[in-house]
Amino acid sequence: QVHLVESGGGLVQPGGSLRLSCAAIGSTLNAYDIGWFRQAPGKQREGVSYISRRGDSTYYTDSVWGRYTVSRDNAENKVYLQMNSLRPEDTAVYYCAASPGATGQRMGIMIMAEYDYWGQGTQVTVSS
């Protein structure tokens with residue numbers, strides 16, 4: 001069992017930045033690929049970014065490419081999502097999730113069913 005906890009969300013103005021963190025409580029993250037997903041009100045949850053267990057492979061959905069950066073520090077047992085140039089349409093609850101081996105990102109999509117463990121989410125609101 002992997003217990004994930006997200007933090008770092010909040011209210012930010014358009015053009016601003018936030019850094020989300022995903023921590024594992026009572027277990028190690030370095031055995032898992034990590035995905036970041038988000039769900040806006042009234043919309044389906046969508047995959048945003050992925051990082052492999054060793055951190056040597058990443059993926060971003062088109063809408064965040066060039067603005068978001070995913071990274072991990074396995075020594076600290078944390079994964080980060082740096083979000084820059086935030087837009088109102090980035091407003092959502094952001095979730096991190098752990099997968100023993102995700103493959104969907106190789107085909108340009110992130111498949112939620114590949115992720116076995118999920119955090120509770122952290123709210124990101126982009127508004128002036």
Side-chain angles (χ1 to χ4, degrees):
Q1 188 74 14
V2 179
H3 180 55
L4 301 176
V5 179
E6 303 93 341
S7 61
L11 173 64
V12 64
Q13 291 187 340
S17 298
L18 284 173
R19 188 176 81 155
L20 305 184
S21 298
C22 174
I25 307 300
S27 57
T28 180
L29 277 181
N30 61 16
Y32 296 92
D33 299 335
I34 300 297
W36 285 97
F37 294 79
R38 67 185 180 186
Q39 187 165 18
K43 294 188 176 181
Q44 290 187 332
R45 194 170 298 188
E46 64 169 343
V48 173
S49 182
Y50 154 94
I51 187 166
S52 60
R53 65 194 65 195
R54 288 191 294 269
D56 55 357
S57 178
T58 59
Y59 164 85
Y60 302 92
T61 193
D62 286 348
S63 61
V64 307
W65 195 88
R67 300 188 296 123
Y68 288 15
T69 303
V70 63
S71 61
R72 68 190 301 160
D73 186 331
N74 284 343
E76 290 192 356
N77 212 27
K78 286 186 177 180
V79 175
Y80 302 98
L81 185 67
Q82 177 67 42
M83 307 185 298
N84 298 328
S85 301
L86 283 162
R87 305 167 179 170
E89 55 264 38
D90 295 318
T91 296
V93 178
Y94 283 70
Y95 301 87
C96 66
S99 171
T103 60
Q105 69 286 343
R106 301 176 193 172
M107 298 175 288
I109 57 173
M110 290 177 65
I111 302 171
M112 287 194 293
E114 292 187 322
Y115 294 81
D116 295 336
Y117 305 104
W118 292 78
Q120 292 299 306
T122 185
Q123 176 71 47
V124 171
T125 302
V126 185
S127 175
S128 55

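Between the CE atom in M110 and the CZ atom in R45 there is a gap of 11.5 Å [rounded to 0.5 Å]. From M83, atom CE reaches atom CZ of R38 across 9.0 Å, with rounding to the nearest 0.5 Å. Here the CG-NZ distance, from D73 to K78, works out to 9.0 Å after rounding to the nearest 0.5 Å.
Surrounding CD of Q44 are at most 12 heavy atoms belonging to other residues, nucleotides or ligands under 6.0 Å away.
In this structure, a donor-acceptor pair under 3.5 Å is present between the side chains of T103 and E114.
Side chains of N30 and N77 form no contact here, defined as non-hydrogen atoms less than 4.5 Å apart. A heavy-atom distance below 4.5 Å is found between the side chains of F37 and W118. Contact of the T58 side chain with the S49 side chain is not registered, since no non-hydrogen atoms from C-beta on lie closer than 4.5 Å. In this structure the side chain of Y60 never reaches within 4.5 angstrom of the side chain of R67, judged on heavy atoms. Counting heavy atoms from C-beta on, the side chains of E6 and L20 never come closer than 4.5 Å. Inter-residue side-chain proximity for Y32 and I51 is flagged as unmet; no heavy-atom pair is nearer than 4.5 Å. Inter-residue side-chain proximity for P100 and D116 is flagged as met; some heavy-atom pair is nearer than 4.5 Å.
With sequence neighbours left out, Q123 forms a side-chain hydrogen bond (donor to acceptor under 3.5 Å, both in side chains) with T125. Partners of N74 according to the side-chain hydrogen bond (donor to acceptor under 3.5 Å, both in side chains) rule, which considers only residues two or more places apart in sequence or in another chain, are R72. Partners of D62 under the side chain to side chain contact (heavy atoms under 4.5 Å, CB included) rule, at least two apart in sequence or in another chain, do not exist in this structure. For T61, the side chain to side chain contact (heavy atoms under 4.5 Å, CB included) partners are Y59, S63, V64, not counting sequence neighbours.
Taking hydrophobic clusters as Ile, Leu, Val, Met, Phe, Trp and Tyr residues chained together by side-chain heavy-atom distances below 4.5 Å, Y115 does not share a cluster with V48. Under a hydrophobic clustering in which Ile, Leu, Val, Met, Phe, Trp and Tyr are joined whenever their side-chain heavy atoms come within less than 4.5 Å, directly or via other members, V70 and L86 fall into the same cluster. Cluster membership check: V93 does not share its hydrophobic cluster with Y117, using side-chain heavy-atom separations under 4.5 Å among Ile, Leu, Val, Met, Phe, Trp and Tyr.
Checked by atom type and distance alone, the side chain of S27 never pairs as donor or acceptor with a backbone atom of V2 at under 3.5 Å. The closest donor-acceptor contact from the side chain of R53 to the backbone of A31 lies under 3.5 Å.
Taking Ile, Leu, Val, Met, Phe, Trp and Tyr as hydrophobic and joining them when side-chain heavy atoms fall under 4.5 Å apart, one finds V5 in a cluster with I25.
Residues Y50 and A102 approach most closely at CE1-CB, 4.0 Å, considering heavy atoms. A pairwise comparison of heavy atoms in S127 and P14 identifies C-CD, 3.6 Å as the closest pair. Between G8 and L18, the shortest heavy-atom contact is O-CD2, 3.8 Å.
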task: Evaluate side chain to side chain contact (heavy atoms under 4.5 Å, CB included) for V12 paired with S17, printing each intermediate quantity in order.
output: CA-CA 7 Å; V12 64; S17 298; over 6 Å; no
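Applying the ring pair (Phe, Tyr, Trp, His ring centres under 6.0 Å) test to residues at least two apart or on different chains, none of the pairs has a partner in residues 77-101.
No option in T122, L81, L4 other than L4 meets the side chain to side chain contact (heavy atoms under 4.5 Å, CB included) test with C22.
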